[in-house]
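Reading through the structure tokens given below for one structure.
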Number of protein chains: 2
Amino acid sequence: MPNGYNAPMEMLARKLDSISRLTESDRAALLDLPHTVRNLPARHDIVRFGDRPTQSCLVLQGWVYRYAALAEGGRQILSFYIAGDLPDLQSLHLHRMDHNLATLTPCVVALIAHDDLRAVLLRNPGLAGTLWRDSLIDAAHYRERITSLGRRQALGRVAHLFCELYLRQKAVGLARGLSCPLVPKQAELADSLGLTSVHLNRVLRTLRGRGLVTLGGGTLTIEDWDALTAVAEFDQTFLHLANNPLPAREAAEAV
Amino acid sequence: MPNGYNAPMEMLARKLDSISRLTESDRAALLDLPHTVRNLPARHDIVRFGDRPTQSCLVLQGWVYRYAALAEGGRQILSFYIAGDLPDLQSLHLHRMDHNLATLTPCVVALIAHDDLRAVLLRNPGLAGTLWRDSLIDAAHYRERITSLGRRQALGRVAHLFCELYLRQKAVGLARGLSCPLVPKQAELADSLGLTSVHLNRVLRTLRGRGLVTLGGGTLTIEDWDALTAVAEFDQTFLHLANNPLPAREAAEAV
DNA sequence: CGCCTCATTGATGTATTTCAAAATTTGTGG
DNA sequence: CCACAAATTTTGAAATACATCAATGAGGCG
């Protein structure tokens with residue numbers, strides 16, 4: 001079972017452990033889960049609107065995003081997923097896709113058949129609860145996005161997304177100090193924030209101008225966390241991280 | 001167990017059955033679930049940001065809504081819930097509330113202790129799957145709201161919400177022909193759609209002017225379903241109704 | 001070097017907000 | 001069932017955040 005890419009199910013176990021404590025038997029069951037590792041090119045649809053997937057994927061490397069396609073070529077990006085995330089766990093119980101899932105970058109994913117997953121969850125109700133919890137955290141992210149789109153203006157929206165992407169990456173060891181990769185292009189960030197890429201660009205200039213962040217080379221650096229969270233009205237409760245109350249603490253651990 | 005208000009767990013069974021077929025043993029377990037029926041006044045917070053609920057509630061009568069409170073008195077309504085819905089099922093696995101849940105109208109709800117629920121789900125994995133599915137449908141609603149807020153303009157947003165509220169009420173027998181109650185006030189609809197109540201009001205005039213809907217006395221009547229869904233770019237896939245493919249059919253049944 | 005993608009900037013248009021007030025409906029006690 | 005208060009809806013005028021259109025500039029890469 002174990003092979004390159006950091007032992008896929010190990011990664012999942014670590015992620016789920018950060019969400020709610022796994023028992024030893026849950027962990028063992030997880031490590032036994034059959035799966036296939038696959039390399040996917042960038043900008044490649046994994047599942048499309050209308051599909052009926054028979055497997056779920058775990059992101060091992062790269063970025064994945066979820067989007068709704070609109071008439072007239074419009075697109076709303078619903079969420080971004082990084083290493084350790086289970087972006088289409090929902091297809092286990094929601095049989096028909098109501099949106100699309102695609103790679104943003106070249107990705108390495110592990111595919112897990114629904115049948116195998118169901119069998120393991122039947123024998124490990126605690127694990128089922130943890131995955132259920134994971135999908136509820138996904139929903140919590142959605143709620144926060146709704147609040148952003150509905151009631152924050154562009155500056156706050158962008159700041160809020162930056163806070164979220166930073167903390168989520170830090171939680172899985174992908175940040176360094178107050179810097180993290182910022183993989184989506186401006187057009188993609190805009191499609192996720194309900195903005196035009198033109199306007200997003202102007203907002204970014206403002207954020208830089210006020211000394212809140214630095215951007216460059218696909219990296220986001222937060223220069224003033226307190227000011228950024230203030231502009232964003234950011235409260236990390238919605239991330240539902242299990243043991244990571246303070247940003248500063250993990251920043252130290254992650255480096 | 002059975003008492004007024006149409007036997008609470010019967011109502012839940014019927015709702016869940018509309019979401020995915022229940023086995024007889026699932027249904028029996030459901031009907032045995034201990035619960036307390038409570039009357040709640042209108043505009044009353046059921047659970048608040050930061051709370052750690054030990055029970056979940058089932059709506060038997062009235063409307064409930066979920067909202068995030070922002071600085072400066074702002075508010076984003078995240079979703080509306082009607083009879084048969086389980087609005088805070090999530091607290092079963094997400095222990096700390098990241099938003100608020102409140103009654104819109106006077107309500108009758110059934111309260112189910114998490115411990116009792118967990119015990120029943122442990123013995124009925126199929127039922128657990130159905131409830132998991134219910135929470136995933138909740139998330140599907142959120143996704144659609146994100147798309148609306150991010151990429152539709154006011155007219156389409158309002159039209160989309162009307163289509164959704166009509167179909168959801170029809171699915172539980174609360175619609176008559178092409179009419180249904182429209183309980184939220186304009187200020188609440190606005191807070192849910194990321195609009196000002198002033199602008200929402202102008203949009204409503206436009207919808208009426210174009211002959212798409214009629215409004216009055218807390219009732220929404222859809223005058224031109226095809227035109228309304230066209231304006232909204234509405235596709236009901238996201239509702240994930242199990243056996244209700246065509247609006248026309250249930251409209252007839254519901255009357 | 002030249003091509004392609006992505007980021008940046010300017011000028012102009014518009015959807016929506018804000019502020020303020022009037023009209024209408026709803027609820028309630030007498 | 002009416003009178004009155006409160007809540008809700010409706011309208012106008014002015015301000016603004018963001019979109020649209022169009023072009024230029026700055027990297028990567030074969």
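Letters go in sequence order (proteins before strands), and every chain restarts at 1.
- Applying the salt bridge (charged side-chain N to carboxylate O under 4.0 Å, His left out) test to every pair with at least one member in residues 207-230 of chain B, sequence neighbours left out, gives no pairs at all.
- A/Ser91 pairs by the side chain to side chain contact (heavy atoms under 4.5 Å, CB included) definition with A/Pro53, A/Ser56, A/Asp88, A/His114, not counting sequence neighbours.
- Shown for residues 197-207 of chain B: residues whose heavy atoms fall under 4.0 angstrom of DNA chain C, namely B/Val198, B/His199, B/Arg202.
- Taking OG1 of A/Thr206 as the reference point, atom CG of A/Leu155 lies at 6.0 Å (rounded to 0.5 Å).
- For DNA chain D, no neighbouring residue in residues 68-75 of chain B is found when judged by any heavy atom under 4.0 Å.
- Under the side-chain contact (heavy atoms from CB on, under 4.5 Å) rule, A/Val64 has a single partner from A/Ile46, A/Ile82, A/Leu40, which is A/Ile46.
- A salt bridge is defined here as a Lys NZ or Arg NE, NH1 or NH2 lying under 4.0 Å from an Asp or Glu carboxylate O, and A/Glu233 with A/Arg151 fails to meet this definition.
- B/Thr214 and B/Thr221 share no side-chain donor-acceptor pair at under 3.5 Å.
- Each of B/Leu155 and A/Pro184 lies near DNA chain C, and the nucleotide nearest A/Pro184 is the one positioned closer to the 5' end.
- Near DNA chain D, defined here as any heavy-atom distance below 4.0 Å, the residues from residues 145-154 of chain A are A/Gln153, A/Ala154, listed numerically.
- With salt bridges taken as basic N to acidic carboxylate O contacts below 4.0 Å, one links B/Asp138 and B/Arg66.
- With B/Glu10 contributing its side chain and B/Ala7 its backbone, the two residues share no donor-acceptor pair below 3.5 Å.
- A donor atom on one side chain and an acceptor atom on the other are found under 3.5 Å apart for A/Arg143 and B/Gln90.
- Listed by residue number, B/Gly194, B/Leu195 are the residues of residues 187-195 of chain B with a heavy-atom contact under 4.0 Å to DNA chain C.
- Contacts of B/His160 classified as ring pair (Phe, Tyr, Trp, His ring centres under 6.0 Å), with partners at least two apart in sequence or in another chain: B/Phe234, B/Phe238.
- B/Gln186 contributes no side-chain N or O that, together with a main-chain N or O of B/Leu200, makes up a donor-acceptor pair within less than 3.5 Å.
- For B/Val183, the side chain to side chain contact (heavy atoms under 4.5 Å, CB included) partners are B/Trp63, B/Leu104, B/Thr105, B/Pro181, not counting sequence neighbours.
- Between B/Gly217 and A/Gln186, it is A/Gln186 whose nearest contact on DNA chain C lies nearer the 5' terminus.
- B/His240 and A/Arg96 are not linked by any side-chain donor-acceptor pair at a separation below 3.5 angstrom, with hydrogens and angles left out of the test.
- Put simply, the side chain of B/Thr219 never gets that close to the backbone of B/Leu215: no donor and acceptor are under 3.5 Å apart.
- Applying the side chain to side chain contact (heavy atoms under 4.5 Å, CB included) test to B/Asn100 and every residue at least two apart in sequence or in another chain returns B/Arg48, B/Phe49, B/Tyr67, B/Ala69.
- In the helix from C/dT8-D/dA23 to C/dG30-D/dC1, the terminal helix axes, each the rotation mapping four pairs' C1' atoms onto the next four within five end pairs, subtend 60°, rounded to 10°.
- Chain B approaches DNA chain D within less than 4.0 angstrom (heavy atoms of the protein), and the contacting nucleotides run 5' to 3' from D/dT8 to D/dA13.
- Within the structure, the salt bridge (charged side-chain N to carboxylate O under 4.0 Å, His left out) test picks out the following pairs touching residues 70-87 of chain A (sequence neighbours left out): A/Lys15-A/Asp85, A/Arg75-A/Asp191, A/Asp85-A/Arg168.
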Quick one, A/Arg145 with A/Ser192, criterion side-chain hydrogen bond (donor to acceptor under 3.5 Å, both in side chains). Give me CA distance, side-chain angles, the key distance, then yes/no.
CA-CA 9 Å; A/Arg145 187 63 53 88; A/Ser192 133; 3.2 Å; yes
